[in-house]
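Shown next, in structure tokens, is the structure this report addresses.
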Amino acid sequence: MSSLLKEDMEKKLFKPKGHTLCEFIETKSKSKERFYLCASGNISLAKEEEVHISLVKHYRACIDEIYEVSEIWLLKDLKFIDGKEPDTDNPYFDMMFEEVCNVEAYSCASKYAFARCLIKLNTLHTKRDIKVLNFDSSYIEDGVIWSSNNGDCLVLMRICFYASNLLCLSLCPIP
């Protein structure tokens, strides 16, 4: 489903502007509309191209899917990204531009996926130091065994591995 959504959103919203949608996550909202946090840019043509971070509103009108950009920021303006609490399964994070943007991702895994994407895009295109606060570095950094392009599955696998170890330890008799 998400690949079809990404393809549709890219075709209707980003391709007409000459952009490529690199990553998107669903965010929680109190309204009936769905919102997505997207990272996009004209990535293929120039290394110095501006990368956009946008909040996209998604709704249906009859049988058409409608996407509208609610807010847009530039990656080069991002000062820090704060994961709030690295030791808990927490979908909340903040991005600091001129003002703080509070985000509630749909899941903790999607929060980490978006943070990894921003770090990678920053390394490739802006080459600035963005402070990454309150994220578990073992899920964020590239040199770690658990990181890859399929990071969400690996994060889930690592959590399952720890859970199975805890279960085995809890079943062992105490001497």
Side-chain angles (χ1 to χ4, degrees), residues 1-29 33-59 65-84 91-98 100-144 146-156:
M1 175 68 182
S2 67
S3 62
L4 293 174
L5 180 65
K6 180 178 180 180
E7 185 180 307
D8 190 45
M9 193 182 324
E10 187 169 32
K11 181 175 79 174
K12 292 179 179 177
L13 188 64
F14 294 102
K15 287 282 185 193
K17 297 176 185 176
H19 285 204
T20 301
L21 178 58
C22 301
E23 181 73 46
F24 78 99
I25 62 169
E26 186 173 355
T27 61
K28 291 190 178 175
S29 171
E33 290 91 10
R34 297 172 95 175
F35 285 89
Y36 300 99
L37 192 61
C38 304
S40 67
N42 193 353
I43 306 302
S44 59
L45 296 179
K47 289 209 172 224
E48 304 270 329
E49 189 66 36
E50 289 185 340
V51 176
H52 297 174
I53 301 168
S54 51
L55 186 64
V56 175
K57 180 180 172 181
H58 174 218
Y59 59 93
E65 302 287 331
I66 309 293
Y67 304 98
E68 293 177 355
V69 175
S70 297
E71 292 189 55
I72 191 164
W73 307 273
L74 295 175
L75 180 61
K76 70 179 183 179
D77 296 333
L78 181 64
K79 295 178 179 127
F80 68 79
I81 181 168
D82 183 359
K84 301 277 189 172
Y92 299 97
F93 65 100
D94 292 337
M95 296 183 297
M96 178 64 176
F97 298 98
E98 289 299 315
V100 175
C101 173
N102 300 313
V103 179
E104 181 182 0
Y106 203 75
S107 68
C108 186
S110 63
K111 169 179 90 170
Y112 274 86
F114 197 74
R116 280 191 302 272
C117 175
L118 292 182
I119 293 165
K120 183 177 180 180
L121 290 171
N122 180 60
T123 303
L124 292 172
H125 300 286
T126 65
K127 296 177 177 56
R128 291 180 38 255
D129 283 334
I130 292 178
K131 293 179 186 169
V132 179
L133 309 170
N134 297 315
F135 279 92
D136 188 341
S137 62
S138 61
Y139 297 118
I140 292 288
E141 295 173 359
D142 267 344
V144 182
W146 300 103
S147 69
S148 80
N149 290 338
N150 196 7
D152 290 342
C153 290
L154 293 171
V155 168
L156 184 59

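The residues of the chain are indexed from 1 along the displayed sequence. Heavy-atom basis, side chains included; hydrogens, waters and symmetry copies ignored.
- Just one residue in the list F93, Y92, Y139 forms a side-chain contact (heavy atoms from CB on, under 4.5 Å) with K111, and that residue is F93.
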Any chance you could lay out the side chain to side chain contact (heavy atoms under 4.5 Å, CB included) test for M9 and F14, step after step, and finish with the verdict?
CA-CA 7 Å; M9 193 182 324; F14 294 102; 3.9 Å; yes
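- Taking all atoms of both residues into account, the shortest heavy-atom contact from F24 to C38 is CB-SG, 3.8 Å.
- Using a 30° and 60° split on the angle between ring planes, H58 and Y36 fall in the tilted class, from 30° to 60°.
- Residue N122 holds its CG atom at 8.0 Å from CG of D129, rounded to the nearest 0.5 Å.
- Residues K127 and L124 approach most closely at NZ-O, 3.1 Å, considering heavy atoms.
- Remark: of the listed residues K84, K79, K131, K84 is the sole one forming a salt bridge (charged side-chain N to carboxylate O under 4.0 Å, His left out) with D94.
- In this structure, R34 CZ and S29 OG are separated by 11.0 Å, a value rounded to the nearest 0.5 Å.
- At least one donor-acceptor pair under 3.5 Å links the side chain of R128 to the backbone N or O of L78.
- No salt bridge links E65 with K12; every basic N to acidic carboxylate O contact stays at or beyond 4.0 Å.
- In this structure, the separation between CD on E23 and SG on C117 is 5.0 Å, given to the nearest 0.5 Å.
- One finds the NZ atom of K11 at 15.5 Å from the NZ atom of K6 (value rounded to the nearest 0.5 Å).
- Side-chain N/O atoms of Y112 and D136 include no donor and acceptor closer than 3.5 Å.
- Under the 4.5 Å side-chain criterion, counting only non-hydrogen atoms from C-beta, L118 is not in contact with I130.
- Two residues are said to be in side-chain contact when any heavy atoms from C-beta on lie closer than 4.5 Å; W73 and C101 meet this criterion.
- Remark: the backbone N or O of F35 is paired with a side-chain donor or acceptor of T27 at under 3.5 angstrom.
- Nearest approach of I25 to S110, heavy atoms of both residues: CG2-O, 3.4 Å.
- Annotation for L13 and Y67: closest pair CD1-O, 3.8 Å, computed over non-hydrogen atoms.
- Between S107 and P91, the shortest heavy-atom distance links the atoms C-CB, 3.9 Å.
- Remark: the backbone N or O of L21 is paired with a side-chain donor or acceptor of E10 at under 3.5 angstrom.
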Are I66 and K57 close enough, and set up right, to give a side chain to side chain contact (heavy atoms under 4.5 Å, CB included), and what steps lead you there?
CA-CA 8 Å; I66 309 293; K57 180 180 172 181; over 6 Å; no
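- Here the shortest heavy-atom pairing between L37 and I53 reads CD1-CG2, 4.0 Å.
- Contact of the C22 side chain with the L121 side chain is registered, since non-hydrogen atoms from C-beta on lie closer than 4.5 Å.
- For the pair K28 and Y106, the distance from NZ or CZ to the six-membered ring centre is under 6.0 Å and the angle to the ring normal is within 45 degrees.
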For I119 and F114: C-alpha separation, side-chain torsions, deciding distance, then whether side chain to side chain contact (heavy atoms under 4.5 Å, CB included) applies.
CA-CA 9 Å; I119 293 165; F114 197 74; over 6 Å; no
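- In E68, the CD atom is crowded: over 12 heavy atoms of neighbouring residues, nucleotides or ligands sit closer than 6.0 Å.
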Working for side chain to side chain contact (heavy atoms under 4.5 Å, CB included), residues F97 and L74
CA-CA 9 Å; F97 298 98; L74 295 175; over 6 Å; no
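- Under the side-chain hydrogen bond (donor to acceptor under 3.5 Å, both in side chains) criterion, K17 pairs with no residue at all, not counting sequence neighbours.
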